[in-house]
Q: 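Sharing a structure here in structure tokens format.
Order of the sequence lines sets the chain letters (A, B, ...), proteins ahead of strands, with each chain counted from 1. All values reported here derive from a predicted model rather than from experimental measurement.
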Protein chains: 2
Amino acid sequence: MPRETKIPLPTLERLATCYRYLTDIESRNVETISSSAIETATGIHAAQFRKDLSYFGVFGRPGIGYDVDDLKRRIAGILKVENEQPVILVGAGNLGSALVGFFGLPQHNFHIVAVFDNNPRKIGQTLWDLQVQDVGRLSETNAQLGARIGIIAGPAVAAQNITDVLVDAGIRVILNFAPTTIRVPDGVGVRNVCFIQELAVLSYYLSKLPEPNVG
Amino acid sequence: MPRETKIPLPTLERLATCYRYLTDIESRNVETISSSAIETATGIHAAQFRKDLSYFGVFGRPGIGYDVDDLKRRIAGILKVENEQPVILVGAGNLGSALVGFFGLPQHNFHIVAVFDNNPRKIGQTLWDLQVQDVGRLSETNAQLGARIGIIAGPAVAAQNITDVLVDAGIRVILNFAPTTIRVPDGVGVRNVCFIQELAVLSYYLSKLPEPNVG
DNA sequence: CAGGGGTTGTGCATTATTTCACAGCCAGCG
DNA sequence: CGCTGGCTGTGAAATAATGCACAACCCCTG
Ligand SMILES: NC(=O)c1ccc[n+]([C@@H]2O[C@H](COP(=O)([O-])OP(=O)(O)OC[C@H]3O[C@@H](n4cnc5c(N)ncnc54)[C@H](O)[C@@H]3O)[C@@H](O)[C@H]2O)c1
Ligand SMILES: NC(=O)c1ccc[n+]([C@@H]2O[C@H](COP(=O)([O-])OP(=O)(O)OC[C@H]3O[C@@H](n4cnc5c(N)ncnc54)[C@H](O)[C@@H]3O)[C@@H](O)[C@H]2O)c1
């Protein structure tokens with residue numbers, strides 16, 4: 001029963017998917033859930049899921065399954081999403097405003113606590129309940145906020161620049177929406193989200209799909 | 001030299017990343033590029049990249065590297081992104097409007113040609129240069145547009161519903177932004193993009209990161 | 001035309017991840 | 001209490017993906 005071995009990245013992604021699902025069904029009054037029920041709901045292979053949990057010493061009850069409430073708490077503990085976490089966002093454009101207004105974030109304990117931009121026209125504007133601040137003062141501001149998670153929603157050309165500013169301000173992990181690869185020093189984590197890339201892969205799928213068998 | 005064997009999904013994702021990068025450097029007048037240069041720019045391991053290309057019979061020149069222009073065209077051909085592709089979008093909310101206004105899409109040949117919603121207040125509104133249409137008429141409209149790529153930007157509770165409508169209208173691949181797992185019939189491709197999941201994984205990283213070694 | 005520095009394509013070893021399959025456990029029931 | 005149907009945890013086998021290492025190749029230079 002390895003407790004602290006290296007965890008495969010796919011395992012973490014599956015746990016996150018599952019966590020999302022558990023928050024869903026929590027509202028309905030489901031008490032316990034089996035790994036195979038999770039498979040049908042999320043597409044995660046049942047044995048895979050059980051093994052994922054076993055990495056962390058999370059166990060269900062044979063013959064019964066997992067206690068929904070407990071399972072959710074345990075996964076939250078693993079992913080460290082039990083407590084509210086401050087997040088700062090750079091780039092108050094189209095995507096940035098959508099993110100600030102996205103209620104799904106606070107619902108999952110991620111709170112955007114500050115928004116920055118470098119455009120004088122944007123600085124000072126109010127986005128939902130936040131005032132856009134000058135990116136030049138990011139470091140200063142974050143010294144007080146203490147956020148360690150940052151989101152890049154600025155243009156690709158500025159992404160590296162923004163990255164450097166974020167890292168300088170003590171940000172330790174970055175979610176990057178700009179369609180470009182950013183360089184970070186060791187000890188800083190990055191995940192890229194690129195819609196175009198997703199569409200490109202879908203486009204490939206599309207070309208390989210058999211013709212529809214409609215009458 | 002396997003031409004039409006099963007292609008690993010990571011290979012496609014890497015090609016998409018690389019494609020994005022190539023469009024970047026095309027503007028500057030770079031003629032050729034080596035796999036190791038691609039590695040430093042994108043983080044994709046050089047040998048890996050060469051192997052990825054070899055699946056498709058795309059070859060560079062030993063001692064020289066790859067012709068940028070040609071390579072870009074070849075990858076575009078693989079991913080089938082050489083020609084304009086119509087895309088339809090469901091959900092004219094925060095995220096939906098950001099997507100419609102996102103110039104990166106047409107730049108990469110993806111054109112959002114119609115937007116649908118079920119909220120009477122949204123229907124008829126103009127989003128950039130598109131008028132929001134009633135989702136009830138999606139199938140009818142798409143019979144003319146012939147789009148085969150669909151984007152879901154509606155709420156999670158409606159996602160399955162929207163999926164069914166899309167599939168019914170002849171959509172063959174779906175990019176799903178709703179934080180829920182959707183079921184599709186065989187022969188329909190799906191990719192999910194879930195920001196919360198990304199943040200959750202980052203949150204895990206964060207907890208495992210060594211403390212910053214700042215003086 | 002020989003030699004050198006640089007780069008590719010790819011078989012093979014290595015590492016990572018998934019899947020199988022089954023012993024062991026649990027609750028309910030007669 | 002003993003059996004039964006259902007579900008878990010996990011070692012071992014299978015599959016997938018990556019990284020290595022090197023022959024083959026190309027251009028340039030002298
Ligand atoms: N809009 C979308 O749906 C969408 C989708 C996928 C990816 N993206 C990517 O997200 C990023 C933002 O997209 P958008 O549509 O919101 O663009 P946008 O132009 O609307 O917003 C970009 C914002 O970043 C600000 N900015 C520019 N340079 C900056 C800097 N150095 N420091 C701080 N702020 C700076 C600009 O002033 C602007 O407000 C882009 O990289 C885009 O490719 C957008
Ligand atoms: N806003 C973000 O930054 C963001 C980020 C990540 C994921 N998401 C996800 O994207 C989706 C949309 O987010 P949003 O912030 O734009 O929400 P939103 O509420 O602003 O927009 C949702 C839109 O979908 C429409 N809609 C609802 N039911 C529909 C149906 N059955 N058919 C057609 N249209 C329908 C609504 O009328 C509304 O216009 C949500 O699932 C959300 O979780 C949003």
Side-chain angles (χ1 to χ4, degrees), chain A residues 1-18 22 25 30-72 74-75 78 201 204 208, chain B residues 1-18 21-22 25 30-72 74-75 78 201 204-205 208:
Chain A
M1 55 200 79
R3 292 270 163 145
E4 278 304 325
T5 26
K6 187 87 183 180
I7 306 299
L9 178 59
T11 289
L12 296 172
E13 296 176 334
R14 282 190 294 268
L15 288 182
T17 301
C18 176
L22 290 176
I25 62 167
V30 187
E31 301 257 312
T32 68
I33 190 164
S34 71
S35 59
S36 62
I38 286 180
E39 171 161 356
T40 53
T42 64
I44 297 167
H45 188 80
Q48 183 76 77
F49 178 70
R50 296 199 298 272
K51 178 161 293 189
D52 287 344
L53 289 180
S54 79
Y55 287 136
F56 300 97
V58 173
F59 303 123
R61 286 197 297 165
I64 305 296
Y66 300 83
D67 178 85
V68 172
D69 219 53
D70 178 59
L71 183 58
K72 191 187 154 211
R74 298 295 300 270
I75 296 181
I78 292 166
V201 173
Y204 175 85
K208 292 302 166 203
Chain B
M1 54 196 79
R3 292 268 163 146
E4 278 304 324
T5 25
K6 189 88 183 180
I7 307 298
L9 178 58
T11 289
L12 297 172
E13 296 176 334
R14 282 190 295 266
L15 288 181
T17 302
C18 176
Y21 172 63
L22 291 175
I25 62 168
V30 188
E31 301 258 313
T32 68
I33 190 165
S34 71
S35 59
S36 62
I38 286 180
E39 171 162 355
T40 52
T42 64
I44 297 168
H45 187 83
Q48 183 76 74
F49 178 70
R50 296 199 298 272
K51 180 164 294 189
D52 287 343
L53 288 180
S54 79
Y55 287 136
F56 300 96
V58 173
F59 302 123
R61 286 196 298 166
I64 304 296
Y66 301 83
D67 180 85
V68 172
D69 219 53
D70 178 59
L71 182 57
K72 190 187 155 213
R74 299 295 300 271
I75 295 180
I78 292 165
V201 173
Y204 175 85
Y205 281 177
K208 293 303 167 203

Q: Show, in sequence, the C-alpha distance, side-chain angles and deciding distance for B/Leu12 and B/Tyr55, and conclude whether the side-chain contact (heavy atoms from CB on, under 4.5 Å) test is met.
A: CA-CA 11 Å; B/Leu12 297 172; B/Tyr55 287 136; over 6 Å; no

Q: Using whole Å, what does the distance between atom C1' of nucleotide C/dT17 and atom CG of A/Leu12 come to?
A: 13 Å

Q: What verdict does the side-chain contact (heavy atoms from CB on, under 4.5 Å) test give for B/Ile33 and B/Tyr21, after you've listed the backbone C-alpha separation in whole Å, the side-chain angles of each residue and the deciding distance to 0.1 Å?
A: CA-CA 11 Å; B/Ile33 190 165; B/Tyr21 172 63; 3.7 Å; yes

Q: Rounded to the nearest Å, what distance is computed from the CD atom of residue A/Glu13 to the C1' atom of nucleotide C/dT17?
A: 12 Å

Q: Locate the shortest heavy-atom distance separating B/Gly57 from B/Arg74; write the atom from each residue and the value.
A: O-NH2, 3.5 Å

Q: B/Leu15 has an atom CG; how far is it from atom P of D/dA17, in whole Å?
A: 14 Å

Q: Taking OP1 and OP2 of C/dT17, is either one under 4.0 Å from a side-chain nitrogen or oxygen of A/His45?
A: no

Q: With rounding to the nearest 0.5 Å, note down the distance linking OH in A/Tyr204 to CD in B/Glu13.
A: 12.5 Å

Q: Going by number, which of residues 31-42 of chain A have a non-hydrogen atom under 4.0 Å from DNA chain D?
A: A/Ser34, A/Ser35

Q: Let's see if you can work this out: which of D/dA12, C/dT17, D/dC20 has an atom nearest to the side-chain heavy atoms of A/Lys51?
A: D/dA12

Q: Could you list all the salt bridge (Lys or Arg N to Asp or Glu O under 4.0 Å) pairs where at least one residue sits in residues 52-70 of chain A, not counting sequence neighbours?
A: A/Arg14-A/Asp52, A/Asp69-A/Arg73

Q: According to side chain to side chain contact (heavy atoms under 4.5 Å, CB included), who are the partners of B/Ser34, at least two apart in sequence or on a separate chain?
A: B/Ser36, B/Ala37

Q: Rounded off to whole Å, could you give me the CG-to-P distance for the A/Leu71 and D/dC7 pair?
A: 16 Å

Q: Tell me the interatomic distance from A/Tyr55, atom OH, to D/dT8, atom C1', rounded to whole angstroms.
A: 16 Å

Q: Go nucleotide by nucleotide along DNA chain C from the 5' end; which of A/Asp52 and B/Gly60 gets its closest nucleotide reached first?
A: B/Gly60

Q: How many angstroms lie between atom CG of A/Leu71 and atom CZ of A/Phe49, to the nearest 0.5 angstrom?
A: 5.0 Å

Q: Can you identify which nucleotide, out of C/dT17, D/dC20, D/dA17, has its nearest atom closest to the B/Ala47 side chain?
A: D/dC20

Q: Let me confirm one number: the CG-CD1 distance from B/Leu53 to B/Ile38, rounded to the nearest 0.5 Å.
A: 7.5 Å

Q: The side chain of B/Tyr66 is closest to which nucleotide in this list: D/dT18, C/dG9, C/dT19?
A: C/dG9

Q: Just wondering, do B/Ile78 and B/Val58 contact through their side chains at under 4.5 Å, heavy atoms?
A: yes

Q: For A/Lys51, which residues count as a side chain to side chain donor-acceptor pair (under 3.5 Å) partner, sequence neighbours excluded?
A: none

Q: Using five base pairs at each end, measure the axis-to-axis angle across the helix from C/dC1-D/dG30 to C/dG30-D/dC1 and round it to 10 degrees.
A: 0°

Q: For the SG atom of B/Cys18 and the CD1 atom of B/Ile44, what is their distance to the nearest 0.5 Å?
A: 5.5 Å

Q: Between C/dG9 atom C1' and B/Phe59 atom CZ, what is the distance in whole Å?
A: 7 Å

Q: Nearest whole angstrom, please: distance from the P of C/dA27 to the CG of A/Asp67.
A: 13 Å

Q: Supply the atom-to-atom distance B/Lys72 NZ to B/Leu22 CG, rounded to the nearest 0.5 angstrom.
A: 8.0 Å

Q: Output a table of nitrogen or oxygen pairs between the protein and nucleotides 22-26 of chain D separated by less than 3.5 Å.
A:
unit_1, atom_1, unit_2, atom_2, d
D/dC26, O4', B/Pro62, O, 3.0

Q: Send over the distance from B/Gln48 CD to C/dT10 P, rounded to a whole Å.
A: 14 Å

